[in-house]
Amino acid sequence: MSTVIDIAKAVTAKLIAAEEGTFSKDFTPVFKVLPSFEPSELVELKVTIVPRNTEINEVTRSISQYDMQVDIGIQQKLPSGCDEELEVEALVLLADEIAEYLRANPLAEAAWITSSNELPYVPEHLAERRVFTSVLTLTYRTMR
């Protein structure tokens with residue numbers, strides 16, 4: 001039985017298994033139930049997979065549809081003196097690459113349904129702390 005935590009761990013494993021050169025930036029994805037980083041830890045690019053929620057709907061009396069959401073946080077403190085526009089564009093591209101990779105490379109545990117990125121980055125983090133933060137939300141479905 002897949003739970004939202006199992007799906008988040010499967011997404012982490014799928015990203016770890018990606019061939020070198022698949023993404024425009026190198027990163028090591030990490031599964032966490034409670035992501036929290038100090039600004040000094042964000043000098044290095046962080047890609048964190050976190051379980052989000054589960055929605056259950058009845059399909060028949062004996063079968064239910066489970067839609068499980070997983071968030072992928074992409075964070076990095078921008079280096080001083082860098083071209084902020086170029087760095088932000090490169091990190092937004094990485095979020096798009098991750099979304100496309102996971103759409104095109106299905107999990108064994110559940111079917112991909114949607115990917116969404118409501119804000120390509122959080123403007124407040126960028127303006128106040130020079131930290132790029134993007135949250136990609138993926139929805140996967142199982143029936144049982």
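This is a predicted model, so every value here is computed, not measured. Positions are given from 1 along the sequence.
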Check your understanding: So if you build clusters from Ile, Leu, Val, Met, Phe, Trp, Tyr with side-chain heavy-atom gaps below 4.5 Å, do Tyr101 and Leu136 land together?
Key -> yes
Check your understanding: Side-chain contact, heavy-atom cut-off 4.5 Å: Ile7 with Tyr66?
Key -> no
Review point. Can you check side-chain hydrogen bond (donor to acceptor under 3.5 Å, both in side chains) on Asn53 and Glu55, steps first, answer last?
Key: CA-CA 7 Å; Asn53 70 5; Glu55 182 179 312; over 6 Å; no
**Study point:** Donor-acceptor contact below 3.5 Å, side chain Lys77 vs main chain Ser40
**Key:** no
Review point. Does Gln76 reach the side chain of Phe27, with side-chain heavy atoms less than 4.5 Å apart?
Key: no
Review point. Do the side chains of Tyr121 and Leu91 get nearer than 4.5 Å, heavy atoms only?
Key: no
Exercise for review: Evaluate the side-chain proximity of Ile5 to Phe31: yes if any heavy-atom separation is below 4.5 Å, no if none is.
Suggested key: yes
Study note, to complete from the structure: Leu93 and Ser24 have their tightest heavy-atom pair at CD2-OG, 4.0 Å
Check your understanding: How many angstroms lie between atom CD1 of Ile49 and atom NZ of Lys32, to the nearest 0.5 angstrom?
Key -> 11.0 Å
Check your understanding: Given Arg130 and Glu84, is the salt bridge (charged side-chain N to carboxylate O under 4.0 Å, His left out) satisfied, shown in steps?
Key -> CA-CA 9 Å; Arg130 291 189 49 83; Glu84 195 171 282; 2.8 Å; yes
Practice item. Could you tell me which non-hydrogen atom of Thr22 sits nearest to which non-hydrogen atom of Glu19, and how far apart they are? Key: OG1-O, 2.6 Å
Point to revise | Atom pair OG1/CE of Thr139 and Met68 - distance to nearest 0.5 Å | key: 10.0 Å
**Study point:** Euclidean distance, Asp67 CG relative to Met143 CE, rounded to 0.5 Å
**Key:** 8.5 Å
Check your understanding: Taking Phe132 as the fixed residue, which of Val122, Leu94, Leu42, Val92 is the one that meets the side chain to side chain contact (heavy atoms under 4.5 Å, CB included) rule?
Key -> Val92
Practice item. Determine, using the 4.5 Å side-chain heavy-atom cutoff (strictly less than), whether Leu107 and Ile72 are members of one ILVMFWY cluster. Key: yes
Point to revise | Exercise: identify the closest heavy-atom pair between Pro106 and Ala104 | key: CD-O, 3.4 Å
Check your understanding: Do the side chains of Asn117 and Ser134 get nearer than 4.5 Å, heavy atoms only?
Key -> yes
Point to revise | Closest contact, heavy atoms only, Arg61 versus Glu58 | key: CA-OE2, 3.7 Å
Check your understanding: Any luck finding a side-chain donor-acceptor pair between Arg52 and Thr137 under 3.5 Å?
Key -> yes
Point to revise | Distance (rounded to the nearest 0.5 Å) between Gln65 CD and Arg141 CZ | key: 3.5 Å
Check your understanding: Do Val30 and Val50 sit in the same hydrophobic cluster, where Ile, Leu, Val, Met, Phe, Trp and Tyr count as joined when their side-chain heavy atoms come under 4.5 Å apart?
Key -> no
Practice item. Indicate if Tyr140 and Leu15 have the same hydrophobic cluster label, given that clusters are the connected sets of ILVMFWY residues with side-chain heavy-atom separations under 4.5 angstrom. Key: yes
Check your understanding: Is it true that Val131 and Val135 fall in one hydrophobic cluster, defined by side-chain heavy atoms closer than 4.5 Å?
Key -> no
Practice item. Kindly compute the distance separating CG (Asp26) from CD (Glu44), expressed to the nearest 0.5 Å. Key: 10.5 Å
**Study point:** Intermediate values then yes/no, side-chain contact (heavy atoms from CB on, under 4.5 Å), Val11 and Leu102
**Key:** CA-CA 8 Å; Val11 166; Leu102 291 167; 3.9 Å; yes
Check your understanding: What's the shortest heavy-atom distance between Lys14 and Asn105, and which atoms?
Key -> CE-O, 3.6 Å
Review point. With a 4.5 Å limit on heavy-atom distance, are the side chains of Asp6 and Glu109 in contact?
Key: no
Check your understanding: Can you find a heavy atom in the side chain of Leu126 that is under 4.5 Å from one in the side chain of Thr133?
Key -> no
